[in-house]
Amino acid sequence: MEKVCVLGAGSTKYGKLEDSITDITIQASVGAIESAGIDPKEIQAGYISNVFGVADKQVHLGPVVMSNLGIPEKPSLSIESACGSGSVSFREAFANVAAGFYDAVLVAGTEKVTHTGTEWTTTYFSYCSDFFYEGGAGASFPGLFASMARAYLTEFKATEEDLARVAVKNHENGLLNPKAHLRKKITVDDVLNSAVVASPLKLYDCCPFSDGASAVILCSEKFAKEHSKNYVNVIGSGRGGSPATLQGRDHMTTIPSTKLAAQAAYKMAGITAKDIDFAEVHDCFTIAEIVDTEDLGFFEKGQGVQAVREGRTSMKGDIAINPSGGLKSKGHPIGATGVGQVVEVFEQLTGKAGERTVQDAKIGLTHNFGATGASCAVHIFQSV
Ligand SMILES: CC(C)(COP(=O)(O)OP(=O)(O)OC[C@H]1O[C@@H](n2cnc3c(N)ncnc32)[C@H](O)[C@@H]1OP(=O)(O)O)[C@@H](O)C(=O)NCCC(=O)NCCS
């Protein structure tokens, strides 16, 4: 297997954007190309992740992106895997570069949905669940994660304040991220007093609907060395699956695909969870971050909540979780999120994260899943 590196990264701001889905994807891609310091013609293939291009009247984004970059002859793959599309796309690109098929590829993720409004976006997103059993029966994602939250609070004697602390931390991190969607300092009381969306989850327990695009250039180590000193090594990559419905699972307070993907990624990297300095994890709802940090092996089952209480997941804690602000504050343009996490890790490990730099960090992890974790990918990165 070839060693694989991230050579450059670019992103639009996340939030409510005016430009078209094609335009924002090109903006992020050009940012990644300029950051890598390469000529677009050096890109040999494109991996473009997106879920609801149909909402902005553009699907089959792969060739559209490649044509706009002036390389229409280069092959591309348009990938959908719900909220995990970005990381699945990254994994496919990783596998192809590792296998030696390509020396340098573009991975771009994108979403443009806010113009459709909350009702329609909620409906669209519910198509990502097993629609017969979940979305079609009225269980939208806030409802499904509320079920997980209720089960966790009951089993581990956690409280709604504990969930709120995750939101407060991620909003604090997002304040330092100029590209974050919700840049607003909040308190535990703000969260507890915000509108109930699906009990026990309230407005501030939820990620927002966001537009946005992120992109990275992935390449072989040889290509990276020829072009720059500012690259990051991809040392682990893992995938996993879970039953598509919550009811198909043995337990509501763990996501099997996260465990499988993490185990595979740690094995490839030859490290354990203890070696990770910081992580960008899939906190679509506050409960998800707590469950993720346990499934990724950072904390024992049931202890993730205690870690949040003690500030162990804050920027200055044992392991910084979501220094970007996470999906909660940075935002969640679903096709872009997994790629955006890689952008954050690249910036952290190449000294470009500014005020939100995690001190002395050498190894970062990204974790991104689709739906309630039916599909998942975990990647591990190391500074050069
Ligand atoms: C929580 C949710 C229902 C709120 O939607 P909404 O009530 O229609 O919110 P609006 O877009 O009308 O925004 C109303 C206000 O709340 C803010 N807001 C919206 N969503 C927010 C969120 N998740 N957290 C904090 N503030 C939020 C808006 O910025 C706006 O503030 P303003 O009035 O100061 O401008 C919606 O964001 C949601 O469903 N989120 C989950 C998305 C999801 O399921 N993603 C997939 C995960 S698997």
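Starting from 1, each residue takes its place in the sequence as its number. These numbers were taken from a predicted model, which means no experiment stands behind them. In each ligand, atom 1 is the first atom listed, and ligand 1 is the first ligand listed.
Side chains of Ile321 and Phe298 form a contact here, defined as non-hydrogen atoms less than 4.5 Å apart. For the pair Asp162 and Val308, the minimum side-chain heavy-atom distance is 4.5 Å or more. Using a 4.5 Å heavy-atom cutoff, the side chains of His379 and Ile235 are not in contact. Within the 4.5 Å cutoff, no side-chain heavy atoms of Ile287 are placed close to those of Asp205.
Gln58 and Asn50 are not linked by any side-chain donor-acceptor pair at a separation below 3.5 angstrom, with hydrogens and angles left out of the test. Judged purely by distance below 3.5 Å, without hydrogens or angles, the side chains of Thr121 and Thr116 pair a donor atom with an acceptor atom.
Taking each of Ser329, Gly370, Ala195, Cys284 in turn, the one with a heavy atom nearest to atom 47 (C) of ligand 1 proves to be Cys284.
Every atom of ligand 1 with a heavy atom of Tyr204 under 4.0 Å away is listed here by number and element: 25 (C), 26 (N). Set against the non-hydrogen atoms of Phe285, the atoms of ligand 1 under 4.0 Å away are 41 (C), 44 (O), 47 (C). The ligand atoms of ligand 1 that sit less than 4.0 angstrom from a heavy atom of Leu182 are 22 (C), 24 (N), 25 (C), 26 (N), 29 (O).
Both the backbone and the side chain of Leu203 come within contact range of ligand 1, each with a heavy atom under 4.0 Å. Residue contacts with ligand 1 for Cys206 involve both N, CA, C or O and side-chain atoms from C-beta outward (heavy atoms, distance under 4.0 Å). Counting heavy atoms closer than 4.0 Å to ligand 1, residue Ser140 contributes nothing at all.
With salt bridges taken as basic N to acidic carboxylate O contacts below 4.0 Å, none links Lys222 and Glu2.
For Phe381 and Phe90, the ring centers are positioned less than 6.0 Å apart.
Ranking the protein heavy atoms by distance from atom 6 (P) of ligand 1 puts Thr118 OG1, 3.7 Å first. Nearest protein heavy-atom contact of atom 36 (C) of ligand 1 is Phe209 CE1, 3.6 Å. The protein non-hydrogen atom at the shortest distance from atom 46 (C) of ligand 1 is Phe125 CD2, 3.6 Å. At the top of the distance list for atom 3 (C) of ligand 1, counting protein heavy atoms only, stands Val197 CG1, 4.3 Å. Here the protein heavy atom with the shortest distance to atom 40 (N) of ligand 1 is Cys207 O, 2.8 Å.
For atom 12 (O) of ligand 1, the protein comes within 4.0 Å by no heavy atom at all. Per-atom contact check: atom 1 (C) of ligand 1 touches the protein, criterion being a heavy-atom distance below 4.0 Å. When distances from atom 31 (O) of ligand 1 to the protein are checked, no heavy atom turns up under 4.0 Å. The protein does not reach atom 15 (C) of ligand 1 closely, with no heavy atom under 4.0 angstrom from it.
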Please step through side-chain contact (heavy atoms from CB on, under 4.5 Å) for the pair Ser375 and Arg239, ending with a clear verdict. CA-CA 8 Å; Ser375 55; Arg239 294 265 355 249; 3.6 Å; yes
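Contact detail for His332 and Cys284: the closest heavy-atom pair is CD2-CB, 4.5 Å.
Residue Lys328 has at least one N or O atom closer than 3.5 Å to an N or O atom of ligand 1. Distances between N or O atoms of Cys83 and those of ligand 1 include no value under 3.5 Å.
The aromatic rings of Tyr127 and Tyr124 sit perpendicular, their planes meeting at an angle over 60°, well past the 30° parallel limit.
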